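From a predicted model like this one, the values you see are computed outputs, not experimental measurements. Within every chain, numbering begins at 1; the chains are lettered A, B, ... in the order of the sequence lines, protein sequences first and strands thereafter.
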2 protein chains.
Amino acid sequence: MSDHLDLPTRRPVPLPLLGDPPPERADAARNREALLVAAQELINHCGIDAVTMEAVAHRAGVGKGTVFRRFESREGLMGALLNFSETAWQASVISGPPPLGPGADPWDRLAAFGRSRLETTMVSADLIRAAGHAGTRSYAAYSFAAMHVRHLLAELRVEGDVPLLATALMAPLEVWVLDQQVRVEGIGVDRVYEGWLDLARRIVRPT
Amino acid sequence: MSDHLDLPTRRPVPLPLLGDPPPERADAARNREALLVAAQELINHCGIDAVTMEAVAHRAGVGKGTVFRRFESREGLMGALLNFSETAWQASVISGPPPLGPGADPWDRLAAFGRSRLETTMVSADLIRAAGHAGTRSYAAYSFAAMHVRHLLAELRVEGDVPLLATALMAPLEVWVLDQQVRVEGIGVDRVYEGWLDLARRIVRPT
DNA sequence: GAATAAAACCGGACCAGAGTCCGCTTGAGG
DNA sequence: CCTCAAGCGGACTCTGGTCCGGTTTTATTC
């Protein structure tokens with residue numbers, strides 16, 4: 001990942017529907033951005049362990065309290081960082097090129113989903129672990145992926161408790177499981193993927 | 001879980017094969033025991049958050065350093081606690097009554113395995129989470145269960161990459177997944193179990 | 001456009017708990 | 001009894017997280 005963090009530049013006017021979260025004050029927004037950049041740089045240069053709340057604050061030129069107000073906790077900060085790649089991933093599922101994006105047939109999309117998730121999870125493993133949330137990505141992120149899988153399973157006419165089957169497909173792709181297999185047991189990523197495909201086949205295969 | 005911790009009483013002579021870890025000194029052993037008891041009581045009476053290393057040490061009447069020397073870390077302490085129930089569970093798999101123990105046919109044993117694991121995991125959820133290890137039980141404990149599943153799958157003449165399929169069966173039974181389903185999504189335990197059984201069926205079903 | 005009041009924000013002192021260190025004590029073998 | 005490795009304790013450090021008095025931004029009013 002590059003040092004440069006692509007923060008969305010000046011999105012169109014927020015259109016303040018009333019009853020909505022009031023927009024952030026200008027200085028607050030500036031600080032949030034500075035903090036995210038600082039954190040990302042810290043990760044890139046010194047590894048995730050160097051990402052101390054105090055270090056981030058210092059590098060961004062603000063006080064520690066500010067970091068906590070903006071991101072709630074260390075996990076929250078990590079989650080925010082993770083959010084960028086997660087959002088990009090979601091975009092490529094929604095409107096990217098097939099087979100991950102729409103256009104391919106459901107089975108191919110499912111296969112592409114598995115491969116893609118496997119890879120992004122491995123790449124962001126440190127971040128995901130640090131983001132905690134009981135270890136999984138934020139609920140929003142998780143449920144998007146789950147929804148996608150349920151959708152594909154439905155298109156594939158899978159019978160049974162689709163939500164649970166979706167979970168069964170996603171669980172083996174979680175960080176800890178992957179870590180165990182790849183780092184501890186030394187299983188290659190390709191073999192893990194083949195295994196996952198086999199699992200998917202068994203789940204999808206008509207009764 | 002009762003307050004009383006069944007520490008194994010005087011196992012048969014350790015038979016010091018040389019090159020082995022030298023046995024613990026008497027005072028050390030006494031302290032380890034006292035610490036485990038103290039920790040368990042603290043959990044029972046005040047919840048897992050009250051289990052501070054300092055609190056445990058104080059309750060056991062020793063210094064903080066001692067706790068760390070014996071258990072390495074908070075996670076280690078939790079792991080040691082978890083070890084008791086885990087060991088008991090392993091015993092009932094190895095030599096308990098069917099269908100969990102030997103004697104029943106492999107499919108029934110697999111089903112019993114799933115149910116049993118689901119329940120013990122839910123019961124010890126706090127402890128498992130606190131024991132960390134990237135969230136899963138210790139490697140030894142994990143690999144025993146994995147071995148058992150691989151064994152059953154083999155008996156059931158399942159074709160394919162059995163180790164990976166075993167992982168696929170265990171992953172949905174991990175704490176975080178269960179937490180997500182039961183606590184966040186409000187799915188009942190019975191339904192989760194039914195879903196798991198269905199998964200198992202699809203994995204086992206001959207091609 | 002200036003004055004003003006309220007709300008949001010800021011910083012860093014402060015607290016708690018995990019983990020480390022090192023000089024003192026104790027238990028087990030000779 | 002003597003020796004010395006092992007064990008012990010608690011002071012110390014480091015980091016996540018909380019708090020509150022002072023400051024800045026924004027909205028409002030004239």
Looking at C:dC9, D:dA6, C:dC14, which one has an atom nearest to any side-chain atom of A:Asp27?
C:dC9
Toward the 5' end of DNA chain D, by each residue's nearest nucleotide, B:Ala29 or A:Gly65:
B:Ala29
Measure the distance from CZ on B:Arg30 to C1' on C:dT25 and round it to the nearest whole Å.
14 Å
Nearest listed nucleotide, side chain of A:Arg69, among C:dA28, D:dC12, C:dC9:
C:dC9
B:Arg74 (side chain) and C:dA18 (base): donor-acceptor pair under 3.5 Å:
no
Looking at B:Trp89, is B:Arg117 sitting on its ring face, NZ or CZ under 6.0 Å from the six-membered ring centre and within 45 degrees of the normal?
yes
C:dG11 phosphate, OP1 or OP2, under 4.0 Å from A:Thr66 side-chain N/O
yes
Figure out the CE/P separation between B:Met53 and D:dG10, and round it to whole Å.
16 Å
Using the side chain to side chain contact (heavy atoms under 4.5 Å, CB included) rule, take A:Tyr193 and A:Glu119 through it: C-alpha gap first, then chi angles, then the decisive distance, then the call.
CA-CA 10 Å; A:Tyr193 177 59; A:Glu119 260 149 25; over 6 Å; no
CD of A:Glu54 versus P of D:dG17: gap in Å, rounded?
13 Å
Can you list every salt bridge (Lys or Arg N to Asp or Glu O under 4.0 Å) pair that touches residues 50-60 of chain B, not counting sequence neighbours?
B:Glu41-B:Arg59
Measuring from the side chain of B:Lys64 (C-beta onward, heavy atoms only), which nucleotide among C:dG11, D:dG7, D:dA11 has the closest atom?
D:dA11
Nucleotide nearest B:Phe68 (side chain, heavy atoms from C-beta), chosen from C:dT20, D:dG16, D:dG7
C:dT20
Which part of the nucleic acid, if any, lies within contact of B:Arg70, taking any heavy atom under 4.0 Å across all strands shown: a base, the sugar-phosphate backbone alone, or nothing?
sugar-phosphate
Grab the CZ-C1' distance between A:Phe71 and C:dC9 for me, whole Å please.
14 Å
For the pair made of NE2 in A:His58 and P in C:dC10, what is the distance, rounded to whole Å?
18 Å
May I ask you to verify if any side-chain N or O of A:Asn31 is less than 4.0 angstrom from the OP1 or OP2 atom of C:dC10?
yes
With side chain to side chain contact (heavy atoms under 4.5 Å, CB included) as the test, would you mind laying out the steps for B:Phe144 and B:Ile94 before giving the verdict?
CA-CA 10 Å; B:Phe144 171 85; B:Ile94 294 175; 3.8 Å; yes
How do B:Glu72 and A:Gly61 order along DNA chain C: which one's closest nucleotide is nearer the 5' end?
A:Gly61
Chi angles and distances behind the side chain to side chain contact (heavy atoms under 4.5 Å, CB included) call for A:Val189, A:Leu118
CA-CA 8 Å; A:Val189 172; A:Leu118 183 56; 3.9 Å; yes
